[in-house]
Structure formats: structure tokens, C-alpha cells
Amino acid sequence: MRERVELARRVADLAPALLVGSAAVELLAPGLLPRAPRDVDFLIPLASLSPVVTELDFAWRSWDEPLDLETTQLEGRFYVRGVHSNWPTLDLTYESPLRWPDAWSRRVTIDGVFVACPRDLAALYRHRARGADNKLAERLVSLSRRH
């Protein structure tokens with residue numbers, strides 16, 4: 001988890017971004033997930049995407065196509081993915097069911113990382129509409145009373 005936190009801090013140094021997904025759950029409630037997170041997911045405003053993609057030396061893709069910020073059509077694609085041999089996979093989501101200004105205003109900070117609040121994480125897991133995700137969402141809502 002330490003490398004995921006370090007990567008989250010690197011992203012946060014470049015742009016406003018909220019940690020979401022399994023890495024966020026692991027920070028909020030260590031041991032809640034059945035396995036360690038495999039990647040690092042962020043919610044980020046589209047306008048803030050460029051500094052992260054430009055500064056981090058990852059192989060960036062959008063829907064399995066190489067990402068070129070000058071020519072790639074980003075609207076409607078929801079996220080970009082960065083892969084690096086020495087870091088976990090990094091997903092930057094810029095279109096989400098969560099509204100950025102609202103999610104940012106409800107963020108929590110853990111180990112110097114901006115994390116989506118438990119209620120917002122629960123909403124994202126519910127949105128995926130899978131059985132195990134719905135159970136996790138219920139547990140995250142109970143955490144929201146503490147954060």
C-alpha cells in the first residue's frame with residue numbers, strides 16, 4: 001500500500017485529485033477488502049488531466065489507444081490509464097457519476113492524500129451494481145459516520 005500512497009501524493013502534487021476505488025477503501029478501512037488493491041484510481045477534473053499525464057512518465061492510453069492530449073477525443077471515454085513497470089496502474093477518471101465540486105468539498109485527508117469520503121465511495125460502488133460492490137457500499141456508509 002505504501003507505493004500506492006506515494007503515487008497518490010505524486011498525483012496530488014500535480015493537480016487536484018481524489019483517490020477513489022479500492023486504494024481509497026484500503027486507506028479508509030485497512031483490511032476491509034478481501035485482497036490488496038491492484039491499481040490506483042483517481043477522480044480528477046478534465047482540465048487538470050494534462051499536468052499529470054505530461055509529468056508522470058507512464059504509458060498513457062485511452063480505451064487501449066495511445067493517448068495524445070492534442071488529438072485524442074476524451075469526452076465520453078470517462079478515464080485514461082497509465083502503466084509503468086515500477087508503479088501500480090494509474091486510472092484517472094474525469095467523467096463520473098460524482099460531481100467534482102461536491103466530491104472535492106466532502107473529501108477527507110489520510111496520510112496526506114485527498115480521499116473521496118466514504119459516502120461518495122459507496123455511491124460509486126453502488127453505481128457499478130454488482131452484488132459484492134453493493135455489500136461493500138453498505139459497509140462504507142457505516143464508515144461515513146466516523147469521517
Side-chain angles (χ1 to χ4, degrees), residues 1-130 132-133 136-137 139-140 143-144 146-147:
M1 190 63 190
R2 188 174 49 213
E3 68 182 354
R4 285 164 184 75
V5 170
E6 176 60 29
L7 183 55
R9 288 181 182 140
R10 288 182 68 193
V11 170
D13 286 345
L14 297 168
L18 285 176
L19 189 64
V20 295
S22 58
V25 173
E26 186 64 23
L27 271 181
L28 284 166
L32 183 63
L33 298 171
R35 68 178 195 280
R38 295 182 183 162
D39 60 5
V40 180
D41 301 300
F42 280 95
L43 178 61
I44 186 169
L46 181 56
S48 299
L49 196 64
S50 181
V52 178
V53 169
T54 303
E55 294 296 322
L56 293 182
D57 186 29
F58 279 64
W60 293 99
R61 302 186 76 73
S62 174
W63 287 20
D64 293 327
E65 299 171 5
L67 177 65
D68 179 340
L69 289 174
E70 299 295 321
T71 61
T72 302
Q73 172 66 35
L74 293 174
E75 287 185 33
R77 291 189 169 207
F78 309 105
Y79 74 100
V80 297
R81 174 167 287 161
V83 177
H84 191 286
S85 60
N86 296 324
W87 292 97
T89 298
L90 178 57
D91 289 336
L92 303 176
T93 299
Y94 50 86
E95 293 176 352
S96 169
L98 292 180
R99 290 190 58 240
W100 170 258
D102 298 334
W104 182 252
S105 71
R106 293 186 294 264
R107 71 190 180 275
V108 296
T109 305
I110 301 172
D111 292 336
V113 176
F114 297 126
V115 180
C117 75
R119 228 175 250 287
D120 286 344
L121 287 171
L124 288 174
Y125 277 98
R126 272 195 216 101
H127 183 75
R128 291 173 19 169
R130 298 188 297 212
D133 289 343
L136 179 58
R139 296 182 78 184
L140 287 167
L143 281 177
S144 68
R146 292 186 264 163
H147 289 278

Next item on the list: Check step by step if side-chain contact (heavy atoms from CB on, under 4.5 Å) holds for Leu69 and Thr54.
Entry: CA-CA 9 Å; Leu69 289 174; Thr54 303; 4.2 Å; yes
Margin query: Angle between ring planes, Phe58 versus His84, binned at 30° and 60°: parallel, tilted or perpendicular?
Written below: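 Tilted, since the angle between the ring planes falls between 30° and 60°.
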Item checked: Greater than 12 external heavy atoms within 6.0 Å of Asp68's CG ->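 Yes, because the 6.0 Å sphere around CG of Asp68 holds more than 12 heavy atoms from other groups.
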Item checked: Beyond-backbone contact of Thr89 with Arg81, side-chain heavy atoms, under 4.5 angstrom ->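 Side-chain contact under 4.5 Å: yes.
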Checklist line | Minimum side-chain heavy-atom gap Arg61-Pro66 below 4.5 Å | finding: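 They are in contact (side-chain heavy atoms under 4.5 Å apart), so the answer is yes.
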What distance separates [X] [atom1] from [Y] [atom2], expressed to the nearest 0.5 Å?
X	Y	atom1	atom2	answer
Trp60	Leu92	CH2	CG	4.0 Å
Glu95	Arg77	CD	CZ	11.0 Å
Leu124	Leu98	CG	CG	4.0 Å
Leu18	Asp120	CG	CG	8.0 Å
Arg139	Leu28	CZ	CG	13.0 Å
Leu121	Ser22	CG	OG	10.0 Å

Can you name the closest pair of heavy atoms from [X] and [Y] and give their distance?
X	Y	value
Leu19	Ala24	O-CB, 3.5 Å
Arg10	Leu56	NH2-CD2, 3.4 Å
Val20	Ala116	CG1-CB, 3.8 Å
Leu90	Phe42	CD1-CD1, 3.6 Å
Pro16	Pro45	O-CD, 3.5 Å

Notebook entry, point to check: Can any side-chain N or O of Tyr125 pair as donor or acceptor with the backbone N or O of Leu140 at less than 3.5 Å?
Noted result: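 Side chain of Tyr125 to backbone of Leu140: no pair is present.
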Next item on the list: Tell me, with the steps shown, if Val11 and Val113 meet side-chain contact (heavy atoms from CB on, under 4.5 Å).
Entry: CA-CA 9 Å; Val11 170; Val113 176; over 6 Å; no
Margin query: Val5 and side chain to side chain contact (heavy atoms under 4.5 Å, CB included): which single residue from Glu3, Arg2, Arg9 fits?
Written below: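 With Val5 as partner, side chain to side chain contact (heavy atoms under 4.5 Å, CB included) holds for just one option, Arg9.
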